[in-house]
Engineer: 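Following this message is one structure expressed as structure tokens.
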Amino acid sequence: MHKGIYTDFLCKALPMPSEGPSNASMASAVLSRLREDRIGRVIFTPLYCHGRSGAAGSIAHFINQRNIAFKALRPHLPHGISYTLAAEIAIVPGCFDDPDICRLMIDISGYLPVLLPFPIYSDEVWKDINRLTYHTKYKPIFTNFDRFLVVYPFDEIKKIEKVPRAAFHFNVRSLDSKHMVKYVISLIDAGKTVVFGTGAHRVGRYETEMEPHFKLLRRYLGDNDFDALMLSVSNFCRPPKYHH
């Protein structure tokens with residue numbers, strides 16, 4: 001597999017006021033090994049929480065903070081890598097009612113990274129999932145889905161799996177578990193879209209390393225199918241002209 005095939009679909013290394021490294025220098029240290037880690041595409045997804053009071057809670061204010069953080073970080077980023085600005089949207093009541101929500105999607109794909117309530121499941125979440133799925137033109141990528149397999153009721157997991165056009169993101173570290181790898185393969189076999197990310201935001205704890213965590217998945221899929229999966233992930237949420 002050629003260098004730079006991996007895509008980090010959930011990078012937390014933007015120095016935002018609410019999360020991520022404290023400054024651009026610390027952020028650049030987190031991202032300094034992207035090329036060595038064979039990552040060719042990074043999607044920055046700082047957390048957006050709807051409902052904060054005043055202008056500070058608006059999507060416009062969030063995007064302005066995100067753009068300022070990226071502008072400060074951009075000169076320190078490794079070259080030859082694709083960088084995309086999006087957001088991870090925490091599901092809270094009414095979070096998809098704002099028409100500006102489209103400004104948080106990945107490129108022009110129509111996909112919004114969506115964080116389910118954790119750790120407690122609530123039936124109320126379906127009001128917002130249904131709002132997103134049936135009343136807007138956007139689609140969810142359920143982020144860190146590996147966490148919800150542990151805490152959500154089995155029946156609700158199965159319902160979430162059936163959300164139309166949904167994609168499922170897994171932290172690469174969860175793939176060190178055979179159980180998780182088998183579950184990911186079951187989603188792939190069912191025709192679902194799966195993507196992966198590092199959650200990288202701190203040197204020494206959450207970093208950009210991906211390849212070692214794919215060891216089991218590669219073993220179960222075989223080299224050819226694994227490479228095909230990584231290419232598919234690389235092309236997901238990308239305009240067709242950028243496809244490999």
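Computation of the quantities below employed the complete heavy-atom set of this structure, encompassing side-chain atoms and omitting hydrogens, waters and symmetry-equivalent molecules.
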Engineer: Which pairs with one or both residues in residues 108-128 pass ring-ring contact (aromatic ring centres under 6.0 Å, His included), sequence neighbours excluded?
Structural biologist: Y111-F236, F118-F148, Y121-Y152
Engineer: Keeping the roles fixed (side chain from S234, backbone from M230), state whether a donor-acceptor pair exists under 3.5 Å.
Structural biologist: no
Engineer: Can you list the steps and then say if V114 with L132 is a side chain to side chain contact (heavy atoms under 4.5 Å, CB included)?
Structural biologist: CA-CA 10 Å; V114 170; L132 173 65; 4.1 Å; yes
Engineer: Which atom pairs, donor and acceptor, lie under 3.5 Å between side-chain atoms of residues 71-89 and protein residues at least two apart or in another chain?
Structural biologist:
unit_1	atom_1	unit_2	atom_2	d
Y83	OH	P78	O	2.7
E88	OE1	K12	NZ	2.5
E88	OE2	T143	OG1	2.6

Engineer: What verdict does the salt bridge (Lys or Arg N to Asp or Glu O under 4.0 Å) test give for R33 and E36, after you've listed the backbone C-alpha separation in whole Å, the side-chain angles of each residue and the deciding distance to 0.1 Å?
Structural biologist: CA-CA 5 Å; R33 287 188 50 83; E36 290 83 353; 5.1 Å; no
Engineer: With rounding to the nearest 0.5 angstrom, report the SG to CD1 distance, C11 to I39.
Structural biologist: 8.0 Å
Engineer: Are any side-chain N or O atoms of D8 and backbone N or O atoms of T198, one a donor and one an acceptor, separated by less than 3.5 Å?
Structural biologist: yes
Engineer: Test side chain to side chain contact (heavy atoms under 4.5 Å, CB included) on K182 and H179 and set out the steps.
Structural biologist: CA-CA 5 Å; K182 290 180 179 179; H179 171 77; 6.0 Å; no
Engineer: Do L231 and I43 belong to the same hydrophobic cluster, where Ile, Leu, Val, Met, Phe, Trp and Tyr are linked whenever their side-chain heavy atoms lie under 4.5 Å apart, directly or via other members?
Structural biologist: yes
Engineer: Do R238 and D107 meet the salt-bridge criterion of a basic N to acidic O distance under 4.0 Å?
Structural biologist: no
Engineer: For residues F145 and V194, determine if any side-chain heavy atom of one lies less than 4.5 Å from a side-chain heavy atom of the other.
Structural biologist: no
Engineer: Would you confirm whether the ring centroid of Y6 sits within less than 6.0 angstrom of the ring centroid of F196?
Structural biologist: no
Engineer: Evaluate the side-chain proximity of F226 to Y220: yes if any heavy-atom separation is below 4.5 Å, no if none is.
Structural biologist: no
Engineer: Which distance, rounded to the nearest 0.5 Å, do you find between the CG of L175 and the CG of L216?
Structural biologist: 8.5 Å
Engineer: Give me the atom names and distance for the closest heavy-atom approach of R165 to Y138.
Structural biologist: NH2-O, 4.2 Å
Engineer: Can you confirm whether or not the ring centre of F9 sits under 6.0 Å from the ring centre of H169?
Structural biologist: no
Engineer: Tell me, which pairs form a salt bridge (charged side-chain N to carboxylate O under 4.0 Å, His left out) where one or both residues lie in residues 188-200, sequence neighbours left out?
Structural biologist: none
Engineer: Salt bridge (Lys or Arg N to Asp or Glu O under 4.0 Å), that's the test. Do R131 and D97 meet it? Break it down for me.
Structural biologist: CA-CA 8 Å; R131 170 70 176 163; D97 292 338; 3.0 Å; yes
Engineer: In this structure, would V151 and L149 fall into the same cluster of hydrophobic residues linked by side-chain contacts under 4.5 Å?
Structural biologist: yes
Engineer: Start with the C-alpha gap between M26 and N23, add the side-chain angles, then the distance that decides, and say whether side chain to side chain contact (heavy atoms under 4.5 Å, CB included) holds.
Structural biologist: CA-CA 6 Å; M26 294 180 67; N23 53 54; 3.3 Å; yes
Engineer: Kindly give the heavy-atom pair with the smallest separation between V125 and P117, and that separation in Å.
Structural biologist: CG2-CD, 3.6 Å
Engineer: Can you tell me how far the OG1 atom of T45 sits from the CG atom of L14, to the nearest 0.5 Å?
Structural biologist: 8.5 Å
Engineer: Within this structure, what is the CG-CE distance for the pair L47 and M16, rounded to the nearest 0.5 Å?
Structural biologist: 9.0 Å
Engineer: Report yes if some heavy atom in the side chain of D225 is under 4.5 Å from a heavy atom in the side chain of I188; otherwise report no.
Structural biologist: no
Engineer: Could you go step by step and tell me if R173 and D146 meet the salt bridge (Lys or Arg N to Asp or Glu O under 4.0 Å) rule?
Structural biologist: CA-CA 10 Å; R173 294 165 188 81; D146 45 281; over 6 Å; no
Engineer: To the nearest 0.5 angstrom, please state how far the OG atom of S174 sits from the CZ atom of R147.
Structural biologist: 11.0 Å
Engineer: Start with the C-alpha distance between I129 and L116, add both sets of side-chain angles, then the distance that settles side chain to side chain contact (heavy atoms under 4.5 Å, CB included), and finish with yes or no.
Structural biologist: CA-CA 9 Å; I129 291 177; L116 293 163; 4.0 Å; yes
Engineer: Would I120 end up clustered with V92 when hydrophobic side chains under 4.5 Å apart are linked, directly or stepwise?
Structural biologist: no
Engineer: How far does CG of L10 sit from CD1 of I141, to the nearest 0.5 angstrom?
Structural biologist: 9.5 Å
